[in-house]
Amino acid sequence: MEFTASQIASFIDGQIIGDESTVITGVSPIENGESGHLSFIAQDRFSHFLNTSKCSVIIVSEKLIDKVNYNPTLIVVKDAYLSFQVLMNLYQEMQGRKEGIETGSSIHETAMIGERAYIGAFTYVSEKAKIGEGSQIYPQVYIGKGVKIGKNCKIDSGARIYDYCIIGDNCVIHSNTVVGGDGFGFQPTAEGFKKIPQLGNVIIEDDVEIGSNCSIDRATIGSTIIGKGTKIDNLIQIAHNVKIGQNNVIAAQAGIAGSTTIGDWNQIGGQVGVVGHIKIGNQVKIQAQSGVNSSVNDKETLYGSPAISYNDYLRNYVHFRNFTEIVKRINNLEDISKDKTNE
């Protein structure tokens with residue numbers, strides 16, 4: 001597709017500095033700009049590219065403008081990063097959505113497929129499953145018995161949605177993620193560990209995005225719940241009966257053990273481990289690789305394993321880095337004290 005600077009500015013309510021008829025045919029990172037391409041600058045540390053980039057058009061935050069003339073054509077906006085996101089979403093919408101049922105898919109006669117939905121080749125849709133209007137189910141997806149998928153969802157190739165799980169509207173589930181696998185429930189006996197049946201399901205509310213290769217286990221009884229607007233990165237384990245609130249972000253390789261409850265607007269870093277049967281409040285920040293083994297109050301920031309207050313961790317870490325020297329000084333003081341005692 002080709003767009004002029006003027007057309008792009010109209011999409012994001014930007015002001016043009018330079019030639020409004022400049023045409024762009026692609027996008028580039030600002031560091032590797034190409035003629036005929038569009039990029040953006042939202043931070044001061046990239047502002048030198050305003051004069052050196054080969055990009056033909058640059059979207060730039062107004063706070064970074066300090067003169068009248070620049071080499072490329074500029075589109076000045078309040079926040080270049082957010083404006084660029086708007087453009088990317090518009091471009092994605094322009095690509096259109098697939099519709100219809102491809103050859104090779106298998107759909108049970110009792111399943112219900114909404115209008116304008118797409119079912120890719122070699123996808124299996126089980127009995128009494130329901131797929132909402134406009135949802136996109138890509139090839140080689142498994143949809144279990146009684147599964148309900150809302151409107152305008154996207155389920156990427158290789159995902160598995162087990163029986164009776166519920167997915168809301170506008171959700172995205174990336175490739176090879178499993179929703180509704182058995183929870184890790186075993187009872188120790190004299191003969192070994194006996195499996196406890198996992199009879200519940202998973203409920204994923206509206207506007208949730210789940211990365212690739214995640215495992216979200218069904219509840220033993222009841223539901224494992226992922227709240228509205230929550231975003232989950234790749235390679236994440238969420239165990240049975242976990243309840244995650246709204247608008248959380250969870251980074252890659254985190255693991256949340258069974259029956260833990262997480263509130264709203266939390267930020268959980270990569271490789272964080274959370275034990276089971278605890279409660280994490282709202283607006284909590286847990287730094288990467290932390291281990292959380294007790295309940296957490298609202299608005300706390302944690303670091304370490306076991307995780308403690310972020311500020312306490314930083315203060316203690318200063319001493320830890322100098323621990324060998326501190327031990328030497330203590331030993332020297334003890335030697336001096338012994339010498340004085342012996343005098």
Side-chain angles (χ1 to χ4, degrees), residues 1 11 27 84-181 201-216 218 223-236 238 244 246-250 252:
M1 295 184 182
F11 295 145
V27 295
F84 197 72
Q85 285 182 304
V86 170
L87 288 179
M88 288 191 292
N89 286 326
L90 287 172
Y91 181 77
Q92 189 173 49
E93 290 174 9
M94 290 177 184
Q95 304 309 301
R97 290 179 173 228
K98 291 186 176 182
E99 294 184 15
I101 299 172
E102 289 186 345
T103 302
S105 58
S106 178
I107 301 174
H108 194 276
E109 60 184 9
T110 61
M112 299 177 62
I113 310 298
E115 294 183 1
R116 299 184 296 104
Y118 162 68
I119 309 296
F122 307 110
T123 283
Y124 184 90
V125 182
S126 302
E127 61 185 285
K128 297 183 179 179
K130 295 181 180 180
I131 297 173
E133 179 181 339
S135 284
Q136 310 276 289
I137 313 298
Y138 281 81
Q140 298 182 333
V141 169
Y142 172 80
I143 308 293
K145 182 191 301 184
V147 166
K148 296 179 181 178
I149 297 175
K151 299 177 182 178
N152 300 314
C153 292
K154 179 183 177 186
I155 314 295
D156 274 325
S157 298
R160 304 289 185 261
I161 316 297
Y162 284 22
D163 295 354
Y164 303 110
C165 290
I166 298 171
I167 298 172
D169 298 337
N170 307 311
C171 292
V172 177
I173 298 176
H174 289 278
S175 292
N176 301 320
T177 280
V178 176
V179 175
N201 72 343
V202 174
I203 297 175
I204 296 173
E205 297 180 353
D206 297 347
D207 304 309
V208 170
E209 182 157 350
I210 300 171
S212 59
N213 297 297
C214 295
S215 294
I216 302 176
R218 66 175 52 248
S223 299
T224 301
I225 299 174
I226 311 296
K228 181 177 180 180
T230 287
K231 313 301 180 186
I232 295 173
D233 199 0
N234 306 323
L235 295 164
I236 286 174
I238 296 174
I244 296 176
Q246 298 185 6
N247 298 305
N248 293 279
V249 289
I250 305 175

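- Closest non-hydrogen pair, Cys171 versus Glu205, comes out as SG-O, 3.1 Å.
- With a 4.5 Å cut-off on side-chain heavy atoms, Ile232 and Ile238 count as touching.
- Using cut-offs of 30° and 60° for the angle between ring planes, the Tyr124 and Tyr142 rings count as parallel.
- Side-chain atoms of Ser135 come within 3.5 Å of backbone N or O of Asn152 as a donor-acceptor pair.
- Dense packing is recorded around NZ of Lys231, with more than 12 heavy atoms of other residues, nucleotides or ligands lying under 6.0 Å away.
- For the pair Ile131 and Ile155, the minimum side-chain heavy-atom distance is 4.5 Å or more.
- Cys214 is listed as a side-chain neighbour of Ile236, based on a closest heavy-atom distance under 4.5 Å.
- Side-chain contact of Asn234 with Ser212: a donor-acceptor pair under 3.5 Å is present, judged by distance alone.
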>> Checking His174 against Glu209 for the side-chain contact (heavy atoms from CB on, under 4.5 Å) test, could you report, in this order, the C-alpha distance in whole Å, the side-chain angles of both residues, the deciding distance, and whether it holds?
In response: CA-CA 8 Å; His174 289 278; Glu209 182 157 350; 2.8 Å; yes
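- For the pair Val86 and Phe11, the minimum side-chain heavy-atom distance is 4.5 Å or more.
- Rounding to the nearest 0.5 Å gives a distance of 6.5 Å between CG of Asp206 and CG of Asn170.
- Closest heavy-atom contact between Lys145 and Asp163: N-OD1, 2.8 Å.
- Checking each of Ile143, Ile137, Val141 against Ile119 for a side chain to side chain contact (heavy atoms under 4.5 Å, CB included) leaves exactly one that passes, namely Ile137.
- Atom CD1 of residue Ile203 and atom CD1 of residue Ile216 lie 12.5 Å apart, to the nearest 0.5 angstrom.
- If you take CG on Asn213 and CG on Asp233, they are separated by 11.0 Å, rounding to the nearest 0.5 Å.
- Here the rule is side-chain hydrogen bond (donor to acceptor under 3.5 Å, both in side chains) with Tyr118, and of Lys154, Gln136, Glu102 only Glu102 fits it.
- Val147 has its side chain out of reach of Val179: every pair of non-hydrogen atoms, C-beta onward, lies at least 4.5 Å apart.
- In plain terms, the two heavy atoms of Asn201 and Tyr164 that are nearest each other are ND2-O, 2.9 Å.
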> side-chain contact (heavy atoms from CB on, under 4.5 Å) between Cys165 and Val202: does it pass, once the steps are laid out?
Replying inline: CA-CA 5 Å; Cys165 290; Val202 174; 3.8 Å; yes
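- Contact record, Cys153 with Gly168: SG-O, 2.9 Å, taken as the closest heavy-atom pair.
- Under the rule for a side-chain contact (heavy atoms from CB on, under 4.5 Å), the partners of Phe122 that lie at least two apart in sequence or sit in another chain are Gln140.
- Dense packing is recorded around CE of Met88, with more than 12 heavy atoms of other residues, nucleotides or ligands lying under 6.0 Å away.
- The shortest side-chain heavy-atom distance between His108 and Lys128 does not fall under the 4.5 Å cut-off.
- Rounded to the nearest 0.5 Å, atoms CD1 (Ile226) and CD1 (Ile166) are 13.5 Å apart.
- Remark: the backbone N or O of Gly211 is paired with a side-chain donor or acceptor of Thr177 at under 3.5 angstrom.
- Electrostatic pairing of Glu133 and Arg116 counts as a salt bridge here, judged by a charged N lying under 4.0 Å from a carboxylate O.
- In this structure, Ile204 CD1 and Ile225 CD1 are separated by 11.0 Å, a value rounded to the nearest 0.5 Å.
- Of all the heavy atoms in Ser126 and Ala111, the pair that sits closest is O-CB, 3.7 Å.
- The heavy-atom pair separating Thr123 from Tyr138 by the smallest distance is OG1-O, 2.7 Å.
- Put simply, CD1 on Ile167 and NZ on Lys148 are 12.5 Å apart, with the number rounded to the nearest 0.5 Å.
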